Amino acid sequence: MNFQSLAITFFIIGIFSIVLGLTWSHLLFKLKNQNSYTDEKRDEIRKAQIEAGKRAEQQVRFQLQYLETDDYDIWHNVHLESNGIRHEFDHLVFSPSGIIHIETKNYGGDLTFTLNGIEQIKRNYSGNILSQKNIKDPTGQLFHHEYLIKSILSQNKLAEIPVHGILCIANERATINGSPDGFHICKDTVLVPYIKQLDRNVDFTSQWRNSIIDLFEQYKINKEAS
């Protein structure tokens, strides 16, 4: 191979290396931007979910204000702890029917309870399916919350007090099929009528409620501590 051929070969290799380097740089830049966009999008979705959850809790809080104050005492966003177990409750109601704990969700679409969780189908205004997936079933949260309440009652020799768990869906675009095992499910607009129709115990006077509330005050913790 003469000098001219060798020079041409090195020139071609150099051009190829430059093109290859530019291509890799472009791909890395594109991948970095794509990851950044994915992270930003994920943050936006997360923030939107948090805001939707807050709106749902506000809707339920609005409905619960229509319970008579003489018969019902209501706590919102309260943290309880007993024997190292901590949980946050969206709403706690001390009522003539016992203690009611409410878990609020802003789930939309057609909601069907299955053994694999909640099947959620979202449709457009024409009824065509936009998305279909399984989402987290909050039944586990309700079980954990009820366990903690009953544990507190049992420790204080009050195990006979009824405890009711409710999953409340605060989304006007939701339709509900089936129910979580062991708990009632309803939309926020019918929450108060359901609570008021629960069996009342004549022994659950306002004095009784005050003593129970004083008891549960001892198990409240600050959000920062949880």
Side-chain angles (χ1 to χ4, degrees), residues 38-64 66-67 74-80 85-93 95 97-151 162-198 223 226:
T38 302
D39 291 341
E40 290 176 2
K41 196 67 176 178
R42 188 181 297 113
D43 289 341
E44 288 178 7
I45 293 173
R46 179 59 180 162
K47 288 178 181 177
Q49 290 174 337
I50 292 173
E51 288 303 313
K54 289 180 179 178
R55 288 195 302 273
E57 291 181 17
Q58 286 296 327
Q59 288 175 234
V60 173
R61 185 186 291 238
F62 173 80
Q63 296 294 340
L64 290 174
Y66 290 99
L67 290 171
I74 305 167
W75 289 357
H76 304 286
N77 301 114
V78 62
H79 294 248
L80 298 179
I85 299 176
R86 303 177 180 181
H87 288 298
E88 179 183 4
F89 295 78
D90 290 340
H91 315 277
L92 266 181
V93 181
S95 78
S97 304
I99 299 174
I100 304 167
H101 59 101
I102 303 168
E103 180 65 26
T104 299
K105 296 298 180 186
N106 188 49
Y107 295 157
D110 298 335
L111 307 174
T112 302
F113 285 83
T114 71
L115 294 177
N116 297 318
I118 300 176
E119 182 185 72
Q120 181 190 56
I121 299 177
K122 291 188 175 181
R123 305 176 186 272
N124 60 21
Y125 288 102
S126 300
N128 299 318
I129 295 177
L130 296 175
S131 64
Q132 182 173 357
K133 61 182 179 180
N134 283 341
I135 58 177
K136 183 180 179 181
D137 186 345
T139 303
Q141 286 178 273
L142 288 164
F143 272 113
H144 296 159
H145 294 172
E146 188 144 318
Y147 176 88
L148 179 54
I149 293 172
K150 288 184 174 180
S151 175
V163 179
H164 309 273
I166 301 175
L167 172 59
C168 186
I169 305 297
N171 190 319
E172 63 180 5
R173 296 184 179 178
T175 58
I176 302 168
N177 304 296
S179 62
D181 186 26
F183 301 100
H184 180 72
I185 182 171
C186 66
K187 298 184 74 170
D188 59 302
T189 51
V190 295
L191 176 62
V192 168
Y194 173 76
I195 290 175
K196 293 178 72 171
Q197 63 83 41
L198 289 171
K223 184 176 181 179
S226 63

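Not measured: the values here are computed from a predicted model. When a residue number appears, it is its place in the shown sequence, counting from 1.
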Exercise. State whether the number of non-hydrogen atoms from other residues, nucleotides or ligands found under 6.0 Å of Asp181 atom CG is greater than 12.
Key: no
Quiz item: Do you know the tightest heavy-atom contact between Glu57 and Thr104?
Solution: N-CG2, 3.9 Å
Quiz item: Nearest 0.5 Å, what's the CZ-CG distance between Arg86 and Leu80?
Solution: 12.0 Å
Quiz prompt | Spacing of Phe113 atom CZ and Glu119 atom CD [to the nearest 0.5 Å] | solution = 12.0 Å
Exercise. Looking only at non-hydrogen atoms, find the nearest pair between Ser97 and Pro162 and report the distance.
Key: O-CB, 3.6 Å
Quiz item: What distance do Glu103 atom CD and Ile169 atom CD1 have between them, rounded to the nearest 0.5 Å?
Solution: 9.5 Å
Quiz item: Taking atom CG of Asn134 and atom OG1 of Thr112, what is their separation to the nearest 0.5 Å?
Solution: 10.0 Å
Self-check item: Residues that Asp110 engages under side-chain contact (heavy atoms from CB on, under 4.5 Å), provided they are two or more places apart
Solution: Ile121, Arg123, Thr175
Quiz item: Which of parallel (below 30°), tilted (30 to 60°) and perpendicular (above 60°) describes Phe89 and His101?
Solution: perpendicular
Practice problem: Please check if atom NZ in Lys187 has more than 12 non-hydrogen atoms from other residues, nucleotides or ligands closer than 6.0 Å. | Solution: yes
Self-check item: Close side-chain approach of Leu64 to Ile195, heavy-atom, < 4.5 Å
Solution: yes
Quiz prompt | Closest non-hydrogen atom pair, Cys186 against Ile176 | solution = C-CD1, 4.3 Å
Quiz item: Taking everything shown except Gln197 itself, do over 12 heavy atoms lie less than 6.0 Å from its CD?
Solution: yes
Quiz item: Roughly how far apart are Asn177 CG and Ile185 CD1, rounded to 0.5 Å?
Solution: 9.5 Å
Quiz item: Do Asp137 and Thr139 have side-chain atoms, one donor and one acceptor, less than 3.5 Å apart?
Solution: yes
Practice problem: Would you mind reporting whether Pro138 and Ile118 have side-chain heavy atoms less than 4.5 Å apart? | Solution: yes
Quiz prompt | Which atom of Ala174 lies closest to which atom of Gly108, heavy atoms considered | solution = CB-CA, 4.2 Å
Quiz item: What residue among Asn77, Asp188, Asp90 forms side-chain hydrogen bond (donor to acceptor under 3.5 Å, both in side chains) with Arg61?
Solution: Asn77
Quiz item: Pick from Lys136, His87, Lys105, Glu146: which one makes a side-chain hydrogen bond (donor to acceptor under 3.5 Å, both in side chains) with Gln141?
Solution: Lys105
Quiz item: Can you tell me how far the CD1 atom of Ile100 sits from the CG atom of Leu191, to the nearest 0.5 Å?
Solution: 8.5 Å
